[in-house]
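To start, the structure under review is shown below, and the notes come after it.
Residue numbers run from 1 in the order of the sequence given.
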Amino acid sequence: MSDKLKSVVSGFMDNRNYNWEQVRENTKDLKLILELNIQREVSDDEMNSLIDEMENEDLTSKENVISLSSNYDNGLKVDNYKYSAWTLYEKLLESRGWSKQSIDNIRSSAEDILCKLRRDNKDAGKGLVVGEIQSGKTANMAALIAQAADNGFNYFIILSGVIDALRKQTGQRMRQDLASNGESNLHWKVVDNPSLKNKDLLVETLDFREKSHDRFITVCLKNYKRLENLYNWLSANKSQQKKMKVLLIDDEADQASINTKDIDSDERTQINQRILDIVNDRDFGAMNYIAYTATPFANVLNEAGEGTLYPKDFIELLTPSENYIGAMQIFGTSVPENSPGLPIINEIPERDARSLKNISKQHFDLAPGSLQDAINWFLLAVAAMRSYGYQKPISMMIHTSFKVADHAQMAKIVEGYLLDLKENYESRLADLAEFYAKIQEELPLRRFLAVMDNYTRKDEVKDYPAWNDIERELREMFALPNDDFLTSIKSDEKGIFHYGNGIQVQYKNLCK
């Protein structure tokens, strides 16, 4: 069925707040509206088939929402007005190539959370959203913010890690995604680092009136002083505070937010206490704390009770999209015939593993064979993607220790290997070509497509580029002067990252 017909039916339902049973009871009115919109006659069979198909799609998307919750329902609905924040965000996802099923899943999961938000100051809403690593948690956050903003929530706080450059980038990206190039009927504004010391940023100047179209976003580091400044600023004017309908999203909520002190004592970790100061303050017009994580054990098992961040209202499990590549796709299942997994796991020899333990103390400065293979694999993958015109930054993470000193030594080892490879590139060329051929043999395109049976963009998956194309990209990279070949990532005062043409080895800001 055409998207236009479905759009007319959706509008018909939303305008009248109908469910599917009520739609079937009013098919005469629906048929008239359909014919007026598409300028042709619609048969009863066509209309009934359309309703059946849309109802099945709706049921499927709702079945993909797995939720443990109380029976609380605030009655809020998704706003489908063409300039609503949600509708424009939905269009943004479509423009980025998201499948209809994935967008429907995001809509349904966000709506399921939306209807559980507290709309008054009698109690703070507290929930937990669990999603697999890199499975679309950020998209769900943005969808929830959009849907909540359409329903009158006006202040959105995102607790985001401990790296300031990433914090700034998150705020700007979220605002851009929600503002939709100015088409939105809402005005999105980033409130950066609010503090009572900043006389140019007064809470009294912000418009929180019920009919206001202004919506505010603050991305705050999980730093006790930043959180303290934020709370003091938010609560400085009680009249303004009462008008604030707040949605506080804790990204990677198992990091820093957990109270790691003895839960039987009155003592709490500073960051946990500062978050609780905000969440448990009943002077806000409404307050909701939603934790997002891929590893929820500490959030659920640490402590419970009214004075904690325990998700008393709901726990939501996000469904990954059909195109998601995660643990099951990589490792397979216990029954390989059902899901064999992708052959991309390489075990590190015990000898190599031992050599990388406490490398800062051993002063070990040579890359072991398995690390060389991993770096070579990454460089070949980058060359392949660049040969097909992919221009965005591509990352490889090396994580062998939690110690900053070990990361610093690892950076030296990687840089040393890359410079040696650059200097001796011609003599290594044959080995790289042989390695590339081995990769193609181990994971041919047909194997990938067989494992990713539900992948919705199979026609867009390209086979491996010819070796000549790979060699051309590698030669271009290795021809760069050393100062351009190896650099570090720079960020400006807005948190925007700036990349060079070569390889950026970064470790300092990722270990703090």
Return the [atom1] to [atom2] distance between [X] and [Y], rounded to the nearest 0.5 Å.
| X | Y | atom1 | atom2 | value |
| --- | --- | --- | --- | --- |
| I290 | D250 | CD1 | CG | 10.5 Å |
| E252 | Q255 | CD | CD | 7.0 Å |
| F402 | H407 | CZ | NE2 | 9.5 Å |
| Y231 | R274 | OH | CZ | 10.5 Å |
| F153 | M287 | CZ | CE | 10.5 Å |
| I263 | I258 | CD1 | CD1 | 11.5 Å |

TODO: Under the side-chain contact (heavy atoms from CB on, under 4.5 Å) rule, what do I344 and F448 come out as? Steps first, then yes or no, please.
DONE: CA-CA 10 Å; I344 58 176; F448 174 82; over 6 Å; no
Task: Residue pair E426, R475: steps toward the salt bridge (charged side-chain N to carboxylate O under 4.0 Å, His left out) verdict - done: CA-CA 9 Å; E426 293 294 342; R475 285 186 181 277; 2.6 Å; yes
So does [X] pair up with [Y], basic N to acidic O under 4.0 Å?
| X | Y | result |
| --- | --- | --- |
| K261 | E267 | yes |
| K116 | D112 | yes |
| R472 | D469 | yes |
| K412 | E415 | no |
| D251 | K137 | no |

Hey, is the main chain of [Y] close enough, under 3.5 Å, to the side chain of [X] for a donor-acceptor pair?
| X | Y | result |
| --- | --- | --- |
| S257 | D254 | no |
| T269 | I271 | no |
| D150 | A85 | yes |
| N140 | L318 | no |
| N198 | P194 | no |
| S160 | R167 | no |
| D406 | T400 | no |
| T487 | D484 | no |
| K357 | S401 | no |
| Q273 | R268 | no |

Open item on the list: What verdict does the side-chain contact (heavy atoms from CB on, under 4.5 Å) test give for L443 and Y464, after you've listed the backbone C-alpha separation in whole Å, the side-chain angles of each residue and the deciding distance to 0.1 Å?
Closed with: CA-CA 10 Å; L443 181 58; Y464 293 89; 3.8 Å; yes
What is the minimum heavy-atom distance between [X] and [Y], and which atoms define it?
| X | Y | answer |
| --- | --- | --- |
| K422 | F485 | CD-CD2, 3.5 Å |
| E473 | R386 | OE1-CB, 3.5 Å |
| Y436 | P465 | OH-O, 2.8 Å |
| Y310 | G305 | CB-N, 4.4 Å |
| Y289 | I275 | CE1-CG2, 3.9 Å |
| L227 | I278 | O-CD1, 4.3 Å |

Open item on the list: Run W86 and R107 through side-chain contact (heavy atoms from CB on, under 4.5 Å) and show every step you take.
Closed with: CA-CA 9 Å; W86 161 251; R107 174 189 171 123; 3.4 Å; yes
I'd like to know whether [atom1] of [X] has more than 12 heavy-atom contacts from other residues, nucleotides or ligands below 6.0 angstrom.
| X | atom1 | answer |
| --- | --- | --- |
| L92 | CG | yes |
| D463 | CG | yes |
| D262 | CG | yes |
| E423 | CD | no |

Task: Y155 side chain to T218 side chain, donor-acceptor N/O pair below 3.5 angstrom - done: yes
For the residue pair [X] and [Y], establish whether any side-chain heavy-atom pair is separated by less than 4.5 Å.
| X | Y | result |
| --- | --- | --- |
| Y292 | L144 | yes |
| L248 | L159 | yes |
| N259 | T308 | no |
| V451 | R447 | yes |
| V414 | I503 | no |
| Y89 | Q147 | no |
| L356 | M410 | yes |

Open item on the list: Is the terminal nitrogen or CZ of R428 (NZ for Lys, CZ for Arg) located under 6.0 angstrom from the six-membered ring centre of F435 and within 45° of that ring's axis?
Closed with: no
Open item on the list: Between K225 and E228, does the salt bridge (charged side-chain N to carboxylate O under 4.0 Å, His left out) criterion hold? Intermediate values first, please.
Closed with: CA-CA 5 Å; K225 194 62 183 176; E228 184 177 72; 2.9 Å; yes
Would you give me the side-chain donor-acceptor pairs under 3.5 Å for residues 370-379, sequence neighbours excluded?
unit_1 : atom_1 : unit_2 : atom_2 : d
S370   : OG     : D352   : OD2    : 2.7
Q372   : NE2    : A367   : O      : 2.8
N376   : OD1    : Y417   : OH     : 2.8
N376   : ND2    : Q372   : O      : 3.3
N376   : ND2    : Y417   : OH     : 3.2

Task: side-chain contact (heavy atoms from CB on, under 4.5 Å) assessment of I158 paired with M174 - done: CA-CA 10 Å; I158 303 173; M174 188 67 73; 3.8 Å; yes
